[in-house]
Protein chains: 2
Amino acid sequence: MTAPTPTQAKLLMPMADYVLENGLQTASLRPLAKAAGTSDRMLIYHFDSKDVLLGHIMRFIAEQMATGLATTLSSTGPMPAHTLLTRVWDLAQRSEMRRTLRIWLELTSMAARGDDTTQAVAQDIADRFLDWTAAHLKTPTLAPVVLTHFEGLVVLQEAGRADVANQSLAALKDILGER
Amino acid sequence: MTAPTPTQAKLLMPMADYVLENGLQTASLRPLAKAAGTSDRMLIYHFDSKDVLLGHIMRFIAEQMATGLATTLSSTGPMPAHTLLTRVWDLAQRSEMRRTLRIWLELTSMAARGDDTTQAVAQDIADRFLDWTAAHLKTPTLAPVVLTHFEGLVVLQEAGRADVANQSLAALKDILGER
DNA sequence: ACAAAAATGTAGCACATGCTACAATCCTGA
DNA sequence: TCAGGATTGTAGCATGTGCTACATTTTTGT
């Protein structure tokens, strides 16, 4: 929960990058240390334990996702649900966004069984997604529907059924109309 | 890819149960062996390697999910999209179903980075979900939408935002109407 | 300037992991 | 019956894990 000290902050960026590239499960101290240009010994010294360290990394990534969202479509006004969904889906195809969403999925599946920190971070990210969605909708009440559908699209894509995701998107266009 | 021998089949059920209860990531040879009443040595003997073993376990679980689906709502005719979604969502609240869906999420997040076997199983399960959905819909064309939404509901629930999932379900009822 | 504290390097421990070597037992068919 | 394969137990290896002990250097406050 405590905010990172300056020393910690400097280490967090390269480690977050490593996690985004290689996943959370496989993130062990030695590779993380190497990515940050230090040693496992130092990571424990600065962060006390691996759990605490991973907590910081997850929060850092969450923050990164949030600021990413904030600057995305920031200049556009509220739009119909389907327009927003389509635009976000386009963005989600960009490789940098995909790896972020992949971590988000991984985090969610960990949260189901994980410790309090993991659950809190997952919940936090979900909340930010929801707020951001509502802020861009002509009908903010639809935010839960749009978010739910987006999460579903991500799952199908990672399950290797991007085609079904696209069919779903197309079908939803007719259903939602101009809401 | 090869079907399990009788000897393998006997071991698979308790191991699948262990995985459903404890997750895929933490499934190492010794606990799996203990669950199946044998030794790690024997597991390797019967399955050659852990990767092959996990492949069998995943396929076993997939099969279990498929037959579970086949017998679920089997006596009911085709129904409107929202009715089906609501019914399935109710079923998903049952603890035995929830742990299955949890594994499904975990498998999906693994497939994103995983080997061919993992990806194939994930894709297979998604396909079966889709077919099953289409078979129960008055308008089978809506199957992708319904499935996508369901996956999204699962994600939100595991992320600790079941409330948002429920809001989403309620809102979708108005949108879908009687289709 | 200098003692205390912070920061770092080196080495290694204790444990869990997948997997193997080797020997012993069990079971089958001729 | 009994040779040969199938099956299993015991012990252990090599590697990766989180973390620590200890000594050393660097920084900081007075």
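Chain naming here is simple, since letters A, B, ... match the order of the sequence lines and numbering starts at 1 in each.
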Q: Atom NZ of Lys34(A) to atom C1' of dG16(D): distance rounded to whole Å?
A: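 Those two atoms, NZ and C1', are 15 Å apart.
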
Q: Under a 4.0 Å N-O cut-off, is there an ion pair linking Glu63(B) with Arg128(B)?
A: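 A salt bridge links Glu63(B) with Arg128(B).
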
Q: Which nucleotide sits closest to the side chain of Arg41(B): dT10(D), dG18(D), dG18(C)?
A: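 Looking only at side-chain atoms, Arg41(B) lies closest to dT10(D).
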
Q: In this structure, how many angstroms lie between the P atom of dG18(C) and the CG atom of Asp48(B), rounded?
A: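 Rounding to the nearest Å, CG of Asp48(B) and P of dG18(C) are 15 Å apart.
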
Q: Select one nucleotide: of dA6(D), dT17(C), dT20(C), the one nearest the side-chain heavy atoms of Ser28(B).
A: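 From the listed options, dT17(C) comes nearest.
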
Q: Compare the minimum distances between each of dT7(D), dC19(C), dT20(D) and the side chain of Asp40(B), then state the nucleotide with the smallest one.
A: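 So the nucleotide nearest the side chain must be dC19(C).
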
Q: From CG of Leu29(A) over to C1' of dC15(C), roughly how many Å is that when rounded to an integer?
A: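 Taking CG of Leu29(A) and C1' of dC15(C), I get 15 Å after rounding.
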
Q: Please tell me which of Pro31(A) and Met42(B) maps to the more 5' nucleotide of DNA chain D, matching each residue to the nucleotide holding its nearest heavy atom.
A: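 On the 5' side of the pair lies Met42(B).
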
Q: From the options dG9(C), dC19(D), dG9(D), select the nucleotide whose nearest atom is closest to the side chain of Ser39(B).
A: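 So the nucleotide nearest the side chain must be dG9(D).
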
Q: Measure the acute angle between the ring planes of His149(B) and His149(A), then classify it against the limits of 30° and 60° as parallel, tilted or perpendicular.
A: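 The rings of His149(B) and His149(A) sit tilted, inter-plane angle from 30° to 60°.
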
Q: For dA6(D), does either OP1 or OP2 sit under 4.0 Å from a side-chain N or O belonging to His46(B)?
A: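 No.
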
Q: Among the nucleotides dG18(D), dT8(C), dC19(C), which one has an atom lying closest to any side-chain atom of Arg30(A)?
A: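 So the side chain of Arg30(A) is nearest to dG18(D).
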
Q: Apply side-chain contact (heavy atoms from CB on, under 4.5 Å) to residues Leu32(A) and Ile57(A) and explain how you reach the verdict.
A: CA-CA 11 Å; Leu32(A) 284 175; Ile57(A) 294 180; 4.2 Å; yes

Q: Leu11(B) has an atom CG; how far is it from atom C1' of dT8(D), in whole Å?
A: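 Rounded to the whole Å, the gap is 13 Å.
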
Q: Please test Thr117(A) against Arg59(A) for side-chain contact (heavy atoms from CB on, under 4.5 Å), starting from the C-alpha separation and ending with a verdict.
A: CA-CA 9 Å; Thr117(A) 308; Arg59(A) 282 173 203 285; 3.8 Å; yes

Q: Verify side-chain contact (heavy atoms from CB on, under 4.5 Å) between Leu101(A) and Phe150(A), making sure each step is shown before the conclusion.
A: CA-CA 11 Å; Leu101(A) 290 173; Phe150(A) 177 71; 3.9 Å; yes

Q: How long is the line joining CD of Gln25(A) and C1' of dT17(C), in whole Å?
A: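 From Gln25(A) CD to dT17(C) C1': 16 Å.
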
Q: Taking atom C1' of dC19(D) as reference, at what distance in whole Å does atom CG of Asp51(A) sit?
A: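 It works out to 12 Å between those atoms.
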
Q: Would you kindly give the CD1-to-P distance between Ile44(A) and dT17(D), to the nearest whole Å?
A: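 So the two atoms are 13 Å apart, to the nearest Å.
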
Q: Whole Å only: how far is the OH atom of Tyr45(B) from the P atom of dT10(D)?
A: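 From Tyr45(B) OH to dT10(D) P: 17 Å.
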
